Student: 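Quick one: the structure is below, questions incoming.
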Amino acid sequence: MSQFSSEDEAELQSLLRELLKGVKDRISGAPSVECAEEILLHLEETDKNFHNYEFVKYLREYVESSLGAVIEEETENFTRGDGHAVGSGQDTVVHAVTKRTRESTQYKQMMQTLKQTMMVVVESLINKFEEDQLKKEEMDRKSQHEQSSSHYTDNCSDSDSSFNQSYAFIKHEQLQV
């Protein structure tokens with residue numbers, strides 16, 4: 001699962017959209033872009049539903065499938081004593097395994113692939129958002145144009161009325177003359 005297919009990208013796009021909808025109120029209420037970024041960066045700490053988002057589950061599965069073997073191997077090395085000298089305690093082993101995993105080729109490849117894929121996914125979401133905004137603006141313009149043109153349309157059904165012809169807009173001064 002180190003490479004993403006176009007189906008994976010489409011699924012990631014959908015899952016990311018779902019995540020963003022889930023936190024929309026929190027980020028749209030932020031006073032600045034920087035604050036919204038901070039909210040997103042600390043989402044795991046502040047959102048009790050963080051691990052329930054399908055996007056997060058997907059990424060967790062991806063990381064596990066990409067690095068699971070590396071983590072197991074490094075853990076075995078350290079618990080057998082084959083690794084570098086490590087002090088006693090679980091935190092020290094976790095720290096050492098994490099450090100070695102992050103230094104591994106598999107981790108670097110996974111991160112590069114993930115970054116590239118997420119850039120494509122986010123770019124696609126941005127483009128879709130911009131397209132949707134343009135369509136919405138166009139629909140608003142059409143709607144506004146239809147409203148303004150119907151405002152000046154004569155809807156009178158009395159064909160004998162001399163006012164049923166057309167309207168002429170003249171200035172007040174011209175009318176007085």
Side-chain angles (χ1 to χ4, degrees), residues 1-78 83-84 90-91 93-150:
M1 189 180 209
S2 59
Q3 295 295 322
F4 288 97
S5 67
S6 58
E7 292 84 16
D8 292 329
E9 288 178 10
E11 183 177 3
L12 274 170
Q13 188 179 65
S14 172
L15 297 175
L16 182 57
R17 184 180 296 117
E18 174 199 342
L19 172 73
L20 292 173
K21 284 179 182 177
V23 298
K24 179 182 175 183
D25 293 338
R26 296 174 78 186
I27 57 177
S28 62
S32 67
V33 172
E34 292 80 15
C35 289
E37 286 176 359
E38 282 298 312
I39 290 169
L40 290 173
L41 285 173
H42 299 284
L43 203 54
E44 183 176 15
E45 302 160 16
T46 59
D47 188 343
K48 65 181 182 211
N49 294 318
F50 179 79
H51 292 280
N52 294 328
Y53 291 113
E54 292 300 318
F55 180 76
V56 174
K57 290 177 184 178
Y58 185 95
L59 289 180
R60 186 182 311 121
E61 182 181 306
Y62 174 73
V63 169
E64 189 174 310
S65 69
S66 299
L67 300 177
V70 175
I71 294 169
E72 284 182 34
E73 182 182 327
E74 291 299 330
T75 303
E76 286 177 19
N77 289 343
F78 282 105
H84 300 338
Q90 184 178 2
D91 286 344
V93 172
V94 170
H95 177 70
V97 169
T98 302
K99 183 177 185 286
R100 294 284 300 266
T101 301
R102 289 184 65 149
E103 293 170 352
S104 73
T105 304
Q106 293 90 332
Y107 177 82
K108 291 174 180 151
Q109 289 174 342
M110 179 200 71
M111 288 304 293
Q112 182 180 13
T113 301
L114 190 57
K115 284 179 185 178
Q116 289 172 344
T117 302
M118 290 309 298
M119 286 174 54
V120 169
V121 166
V122 169
E123 183 75 26
S124 180
L125 277 175
I126 290 170
N127 289 341
K128 180 151 180 36
F129 175 78
E130 289 173 348
E131 286 174 18
D132 290 348
Q133 286 298 107
L134 288 173
K135 286 178 185 175
K136 183 177 182 270
E137 288 172 9
E138 182 66 27
M139 293 298 287
D140 289 347
R141 273 197 299 275
K142 283 183 180 178
S143 174
Q144 191 175 27
H145 177 70
E146 288 172 4
Q147 287 177 353
S148 65
S149 65
S150 69

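Everything quoted here is computed from the prediction, not taken from an experiment.
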Student: CG/Leu40 to SG/Cys35 distance, rounded to the nearest 0.5 angstrom?
Tutor: 11.5 Å
Student: Is it true that, when you exclude Arg26 itself, more than 12 heavy atoms of the residues, nucleotides or ligands shown sit nearer than 6.0 Å to its CZ?
Tutor: yes
Student: Kindly compute the distance separating NZ (Lys136) from CD (Gln133), expressed to the nearest 0.5 Å.
Tutor: 6.0 Å
Student: Walk me through whether Glu138 and Arg141 qualify under salt bridge (charged side-chain N to carboxylate O under 4.0 Å, His left out).
Tutor: CA-CA 5 Å; Glu138 182 66 27; Arg141 273 197 299 275; 2.7 Å; yes
Student: Determine whether more than 12 heavy atoms belonging to other residues, nucleotides or ligands lie under 6.0 Å from atom CD of Glu64.
Tutor: no
Student: With rounding to the nearest 0.5 Å, note down the distance linking CD in Glu123 to NZ in Lys128.
Tutor: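 Result: 14.5 Å between the selected atoms.
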Student: Would you say the side chain of Leu134 lies within less than 4.5 Å of the side chain of Glu137, judging by non-hydrogen atoms?
Tutor: yes
Student: Taking all heavy atoms of Glu9 and all of Val121, pick out the closest pair and write down the distance.
Tutor: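 Where Glu9 meets Val121 most closely, the heavy atoms are O-CG2, 3.7 Å.
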Student: Whether the side chain of Thr98 engages the backbone of Val94 through a donor-acceptor N/O pair (distance < 3.5 Å, no angle test) should be reported.
Tutor: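 Side chain of Thr98 to backbone of Val94, a donor-acceptor pair under 3.5 Å: yes, one is there.
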Student: Regarding Tyr62 and Asp8, is there a side-chain donor-to-acceptor distance under 3.5 Å anywhere?
Tutor: no
Student: Just so I know, are the side chains of Tyr53 and Asp47 near enough to count as touching, which here means a heavy-atom distance under 4.5 Å?
Tutor: yes
Student: Does some side-chain heavy atom of Val70 sit less than 4.5 Å from a side-chain heavy atom of Tyr107?
Tutor: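 No, their side chains stay 4.5 Å or more apart.
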Student: Test Lys99 against Glu103 for side chain to side chain contact (heavy atoms under 4.5 Å, CB included), laying out the working first.
Tutor: CA-CA 6 Å; Lys99 183 177 185 286; Glu103 293 170 352; 2.9 Å; yes
Student: Checking the side chain of Ser143 only, and the main-chain atoms of Met139 only, is there a donor and an acceptor separated by less than 3.5 Å?
Tutor: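 No, the answer is negative, given that no donor and acceptor are paired below the 3.5 Å cut-off.
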Student: Hey, what do you get for CG (Leu20) to OG (Ser28), rounding to the nearest 0.5 Å?
Tutor: 11.5 Å
Student: Which heavy atom of Gln106 sits nearest a heavy atom of Ser66, and at what distance?
Tutor: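 Shortest heavy-atom separation between Gln106 and Ser66 comes out as CB-O, 4.3 Å.
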Student: Do Arg102 and Met111 come within less than 4.5 Å of each other through their side chains, counting heavy atoms only?
Tutor: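 Arg102 vs Met111: side chains apart.
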Student: Quick one: are Leu15 and Lys57 in side-chain contact, heavy atoms under 4.5 Å?
Tutor: no
Student: Gln116 versus Gln112: any side-chain heavy-atom pair under 4.5 Å?
Tutor: yes
Student: Looking at Thr101, is its backbone amide N or carbonyl O close enough to the side chain of Ser104 to form a donor-acceptor pair, meaning the two atoms are under 3.5 Å apart?
Tutor: yes
Student: What's the shortest heavy-atom distance between Ile71 and Thr75, and which atoms?
Tutor: O-OG1, 2.7 Å
Student: Just how far is it from atom CD of Gln13 to atom CZ of Phe55, taken to the nearest 0.5 Å?
Tutor: 11.5 Å
Student: What pair of heavy atoms forms the shortest contact from Met118 to Leu16, and how long is it?
Tutor: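 Nearest heavy atoms, Met118 then Leu16: CE-CD2, 4.0 Å.
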Student: If you define the side chain from C-beta out and look only at heavy atoms, does anything of Ile126 sit under 4.5 Å from Glu130?
Tutor: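 Yes; the side chains approach each other to less than 4.5 Å.
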Student: So do Leu43 and Val23 actually touch side chain to side chain, heavy atoms under 4.5 Å?
Tutor: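 In short, these two side chains touch, coming nearer than 4.5 Å.
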